Enquirer: 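Please find one structure pasted underneath; my questions will follow.
Not measured: the values here are computed from a predicted model. Per chain, numbering begins at 1; letters A, B, ... match sequence-line order.
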There are 2 protein chains.
Amino acid sequence: MPRAVTLKDIARETGVHVSTVSRALDPRARDSLTVEVVKKVNETAQRLGYRPNRLAAGLRTKRTRTVGLIIPDITNPLFPPIVRGVESILEPLGYVSIIVNTDGRQDRERSQMQVLLEHGVDGVVHAAMERDASHYTDLQDRNVPIVTVNRRLDVDGLPSVVNDDAEGIHEMFRLLYEAGHRRIAHIAGPPTISTGVERLAAFREAAKAFGVSVPDAYIVESEKFLFEEGHRCAAKLMALADPPTAILAANDGLALGAIQLLRDRGLGCPEDVSVTGFNNSDVLSLVPPGLTTVGVDKTGIGKASATLLISRIDNPEDPETPHLVQPIEVVIRGSIAPPPRAGRQDPL
Amino acid sequence: MPRAVTLKDIARETGVHVSTVSRALDPRARDSLTVEVVKKVNETAQRLGYRPNRLAAGLRTKRTRTVGLIIPDITNPLFPPIVRGVESILEPLGYVSIIVNTDGRQDRERSQMQVLLEHGVDGVVHAAMERDASHYTDLQDRNVPIVTVNRRLDVDGLPSVVNDDAEGIHEMFRLLYEAGHRRIAHIAGPPTISTGVERLAAFREAAKAFGVSVPDAYIVESEKFLFEEGHRCAAKLMALADPPTAILAANDGLALGAIQLLRDRGLGCPEDVSVTGFNNSDVLSLVPPGLTTVGVDKTGIGKASATLLISRIDNPEDPETPHLVQPIEVVIRGSIAPPPRAGRQDPL
DNA sequence: CTGTTAGCGCATTCAT
DNA sequence: ATGAATGCGCTAACAG
């Protein structure tokens with residue numbers, strides 16, 4: 001159990017001072033040294049199997065090459081690709097990321113943030129941000145750069161990378177409208193999350209743009225972006241005296257839950273009710289009838305947010321807080337059909 | 001941008017020495033101090049918003065409360081629940097985990113392992129272990145505890161937590177056999193991975209136990225545990241002069257790929273060919289015809305491996321290398337039916 | 001061009 | 001019961 005080899009070991013071995021060793025190993029300081037020394041040091045470092053202790057280095061430099069990644073829940077299939085996107089940028093730069101899950105709970109978010117701070121993260125990619133984050137003083141105080149991804153704050157405080165929610169919702173509405181639907185309902189996301197309110201706003205916008213009137217009862221708010229909630233909300237919609245012929249859901253999970261509810265009620269999608277989603281989860285191609293949805297570049301927003309974060313870390317004085325909006329893509333599958341004719345014969 | 005508050009700040013504020021502050025904040029050393037002092041120190045720590053610098057502490061103690069988590073790819077749905085399981089144990093103990101993805105590449109695994117070492121991890125949970133890991137000297141040398149999960153080494157070297165692969169395969173074989181199948185093929189996992197070879201061995205065992213003879217051509221080896229490979233391997237099977245009536249796949253991804261191939265060929269599952277999987281991925285309930293598969297407790301093996309790792313970290317001298325085998329569960333859905341009658345009429 | 005010195009924040013041994 | 005001193009491994013300012 002030999003302890004890790006340190007600069008001191010290399011110094012002893014080569015006969016030069018530790019600081020010289022340090023310089024010889026540092027690409028930026030290396031050129032102020034003799035080629036010989038640099039060569040010898042690097043060779044023995046190699047031979048001894050030297051690995052820098054980033055903790056010790058970080059203690060001096062205040063840069064740990066560690067970033068925090070805050071997400072609601074890694075088992076939600078939206079996030080792994082974002083994580084990979086972030087890491088694809090960070091890893092070549094020598095960073096590692098510490099991932100923490102909030103489960104959508106603010107108390108967990110706060111404590112996890114403290115944990116990240118204790119571990120000296122150089123910055124944070126926040127994929128679990130709620131609209132109101134008045135408790136963000138900790139970070140502002142410690143001057144830890146933070147970038148939100150997929151969601152954003154209501155205020156302008158933090159740089160963000162989001163998808164073009166408005167465009168996505170508009171396109172889904174258009175597809176439903178052009179298929180002939182006029183009774184279009186919306187299962188909205190939680191009002192505490194930017195994607196919830198922005199997609200709802202976009203839905204109202206689209207309805208207005210297409211001249212479709214939407215009764216209040218056609219908008220039902222979910223508490224989480226999950227299957228079960230989609231099921232629950234769809235039940236409320238289909239219990240109406242005048243149920244919708246189409247459901248535009250705020251994400252795929254809600255949409256799949258809605259389709260399940262329809263199935264439970266003996267209704268078919270798309271024959272009886274058309275449904276659309278948002279995000280284009282990977283599994284969708286396997287799940288009948290094939291959800292028509294908004295495709296987002298999950299890896300891309302991850303990459304963009306990491307790039308943004310790195311630029312914040314490297315230029316802490318830069319006062320800009322960019323807000324990037326990534327383009328979406330329309331993914332057409334089988335969950336939209338023309339509305340059933342009024343007064344249609346019931347099945348059987 | 002006030003810097004983080006340190007022990008020194010609290011010392012100055014309270015008028016006691018830093019070492020006293022350190023002791024007052026350490027639950028183990030606290031009782032050698034006056035109650036007053038402890039109280040005052042903790043209060044001002046609270047008031048100043050003190051957060052320990054774990055890097056500095058780790059530099060002294062050689063314990064960073066950081067563990068590494070090596071997985072093939074977080075976008076593979078098998079792993080997020082394992083990750084959550086691991087973290088559910090580690091988080092309450094004050095540990096954070098650094099997750100790295102290997103993409104099944106040994107070179108990446110090695111470099112990622114170095115990265116973890118540089119960040120001073122106290123231990124590693126390895127979910128991407130290959131059978132032959134002759135390059136594990138680094139870890140042995142640095143005496144970093146490591147536990148494998150889901151997979152294990154061929155040799156006895158490392159503690160492990162795996163599922164009861166043999167039992168699972170046996171049960172799938174039994175279901176197929178009892179449905180009347182005698183021409184049962186196996187899409188095996190990669191031979192470089194323990195789950196690949198162990199499930200294959202279990203398949204042969206089961207065939208022998210049930211008195212079913214398996215032609216060599218009925219066993220086809222995949223290169224990765226993925227959908228595309230299942231598709232490719234099933235194509236080989238169905239191209240045989242005497243194709244199987246059932247395919248027992250080494251995991252769900254392979255099974256889903258096989259079902260897709262059947263569909264591409266105009267064949268139905270389960271009417272024409274029965275298929276089984278392994279792992280019981282979350283999405284399966286939504287994908288027709290509903291894959292009959294082996295349910296594994298993903299969170300459970302994550303928890304077990306973390307628990308094992310902690311005990312290794314806390315008792316480094318303990319010479320035991322336990323090998324835990326977690327029970328599996330049979331999950332019956334719709335992908336098994338009796339084999340079509342020999343000389344059946346073709347569809348149409 | 002390289003050695004010396006100092007200190008990051010903390011835990012711990014040794015005094016007292 | 002508490003203060004003083006030391007060093008973990010590294011980088012950076014300062015000398016020379």
Side-chain angles (χ1 to χ4, degrees), chain A residues 2-42 45 48-66 94 117-122 142-143, chain B residues 2-42 45 48-66 94 117-122 142-143:
Chain A
R3 22 155 232 57
V5 13
T6 73
L7 290 187
K8 206 192 289 184
D9 298 319
I10 302 177
R12 189 177 348 91
E13 195 82 4
T14 55
V16 300
H17 195 265
V18 271
S19 63
T20 307
V21 176
S22 174
R23 281 185 278 248
L25 261 22
D26 179 356
R28 290 194 323 266
R30 179 174 302 165
D31 31 342
S32 71
L33 257 38
T34 327
V35 225
E36 297 172 17
V37 175
V38 174
K39 184 155 167 263
K40 188 167 59 174
V41 168
N42 279 278
L48 265 38
Y50 171 75
R51 287 283 128 193
N53 180 332
R54 300 219 176 269
L55 297 160
L59 191 56
R60 271 282 354 206
T61 60
K62 306 292 175 201
R63 291 280 298 271
T64 57
R65 299 205 165 257
T66 305
L117 256 20
E118 291 179 13
H119 283 267
V121 294
D122 295 338
R142 305 264 296 244
N143 228 27
Chain B
R3 20 155 233 56
V5 12
T6 73
L7 291 187
K8 208 192 290 182
D9 298 319
I10 302 178
R12 190 176 348 91
E13 195 80 7
T14 55
V16 300
H17 196 265
V18 267
S19 60
T20 307
V21 176
S22 175
R23 281 185 276 248
L25 261 23
D26 180 355
R28 290 195 322 266
R30 179 173 303 165
D31 30 341
S32 70
L33 257 38
T34 327
V35 224
E36 297 172 18
V37 175
V38 173
K39 184 154 167 266
K40 188 166 59 172
V41 167
N42 279 279
L48 266 37
Y50 171 75
R51 287 284 126 194
N53 180 333
R54 300 219 176 270
L55 297 157
L59 190 56
R60 275 272 357 206
T61 60
K62 306 290 175 202
R63 291 280 299 271
T64 57
R65 298 203 167 262
T66 304
L117 256 21
E118 291 179 12
H119 283 267
V121 294
D122 295 338
R142 305 264 295 245
N143 228 28

Enquirer: Return the NE2 to CG distance between H17(B) and L7(B), rounded to the nearest 0.5 Å.
Expert: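 Result: 11.0 Å between the selected atoms.
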
Enquirer: Does A57(A) or D31(B) map to a spot on DNA chain D nearer the 5' end, using the closest nucleotide for each?
Expert: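 Closest to the 5' end, via its nearest nucleotide, is D31(B).
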
Enquirer: Only pairs at least two apart or in different chains count here, so list each salt bridge (Lys or Arg N to Asp or Glu O under 4.0 Å) that has a residue in residues 27-38 of chain B.
Expert: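 Residue pairs passing salt bridge (Lys or Arg N to Asp or Glu O under 4.0 Å), neighbours aside: D26(B)-R28(B).
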
Enquirer: For a quick test of reading the model, state the closest non-hydrogen atom pair linking T14(B) to V41(B) and the distance between them.
Expert: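 Taking T14(B) first and V41(B) second, the nearest heavy atoms are CG2-CA, 4.3 Å.
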
Enquirer: Could you tell me from which nucleotide to which nucleotide of DNA chain D, 5' to 3', there is an atom under 4.0 Å from chain A heavy atoms?
Expert: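 Result: dC8(D) to dA13(D).
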
Enquirer: Give the residues of residues 7-18 of chain A touching DNA chain D, defined as any heavy atom closer than 4.0 Å, sorted by residue number.
Expert: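 L7(A), K8(A) - these, ordered by number, are the residues of the stretch whose heavy atoms sit under 4.0 Å from the strand.
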
Enquirer: Just call it for S22(A): base, sugar-phosphate, or nothing, with non-hydrogen atoms closer than 4.0 Å on any strand.
Expert: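 The residue S22(A) makes base contact.
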
Enquirer: Would you indicate whether the side-chain heavy atoms of T66(A) and D122(A) approach each other to under 4.5 Å?
Expert: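 In short, these two side chains do not touch, never coming nearer than 4.5 Å.
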
Enquirer: Check the pair T6(A), N53(A) against side chain to side chain contact (heavy atoms under 4.5 Å, CB included), reporting the backbone distance first and the verdict last.
Expert: CA-CA 8 Å; T6(A) 73; N53(A) 180 332; over 6 Å; no

Enquirer: Taking only residues at least two apart or on different chains, which pairs with a member in residues 10-20 of chain A satisfy salt bridge (Lys or Arg N to Asp or Glu O under 4.0 Å)?
Expert: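 Only D9(A)-R12(A), E13(A)-R47(A) qualify under salt bridge (Lys or Arg N to Asp or Glu O under 4.0 Å).
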
Enquirer: What heavy-atom pair brings E118(A) and R51(B) nearest, and what distance separates the two atoms?
Expert: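 In this case the closest contact between E118(A) and R51(B) is OE2-NH1, 2.9 Å.
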
Enquirer: If every non-hydrogen atom of L48(B) is compared with every non-hydrogen atom of V5(B), which pair is closest and at what distance?
Expert: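 What the structure gives for the nearest pair is O-CG1, 3.2 Å.
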
Enquirer: Could you state the atom-to-atom distance from CZ of R30(B) to P of dA11(C) in whole Å?
Expert: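 Spelled out: CZ on R30(B) to P on dA11(C) is 12 Å.
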
Enquirer: For R28(A) and L59(A), find the nucleotide of DNA chain D closest to each by heavy atoms; which residue's nucleotide sits nearer the 5' end?
Expert: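 The answer here is L59(A).
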
Enquirer: What is the minimum heavy-atom distance between L25(B) and A45(B), and which atoms define it?
Expert: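 Taking every non-hydrogen atom into account, CD1-CB, 4.4 Å.
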
Enquirer: In whole Å, I'd like the distance from the CD atom of E36(A) to the C1' atom of dT2(C).
Expert: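 For the pair E36(A) CD and dT2(C) C1', the rounded distance is 13 Å.
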
Enquirer: Using 0.5 Å steps for rounding, measure from the OG1 atom of T34(B) to the NZ atom of K40(B).
Expert: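 The OG1 atom of T34(B) sits 9.5 Å away from the NZ atom of K40(B).
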
Enquirer: Rounded to the nearest 0.5 Å, how far apart are CG of L117(A) and CZ of R54(B)?
Expert: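 L117(A) CG to R54(B) CZ: 12.0 Å, rounded to 0.5 Å.
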
Enquirer: What bend angle does the helix from dC1(C)-dG16(D) to dT16(C)-dA1(D) show across its length, from five-pair end axes and to the nearest 10 degrees?
Expert: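 Inter-axis angle at the termini of the helix from dC1(C)-dG16(D) to dT16(C)-dA1(D): 50°.
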
Enquirer: Give the minimum heavy-atom separation between N42(A) and A24(A), together with the two atoms involved.
Expert: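 Smallest interatomic distance, heavy atoms only, reads ND2-O, 3.4 Å.
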
Enquirer: Can you figure out which of dT2(C), dC10(C), dA6(C) approaches the side chain of R60(A) most closely?
Expert: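 Out of dT2(C), dC10(C), dA6(C), the nucleotide with an atom closest to R60(A)'s side chain is dA6(C).
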
Enquirer: Could you state the atom-to-atom distance from CG of L55(B) to P of dA11(C) in whole Å?
Expert: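 From L55(B) CG to dA11(C) P: 12 Å.
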
Enquirer: Base, sugar-phosphate, or nothing for S32(A), non-hydrogen atoms under 4.0 angstrom?
Expert: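 Counting heavy atoms under 4.0 Å across all strands, the contact made by S32(A) includes a base.
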
Enquirer: Can you give me the N/O atom pairs linking the protein to nucleotides 13-16 of chain C at distances under 3.5 Å, or say none if there are none?
Expert:
residue : atom : partner : partner atom : Å
dT13(C) : O4   : R23(B)  : NH1          : 3.2

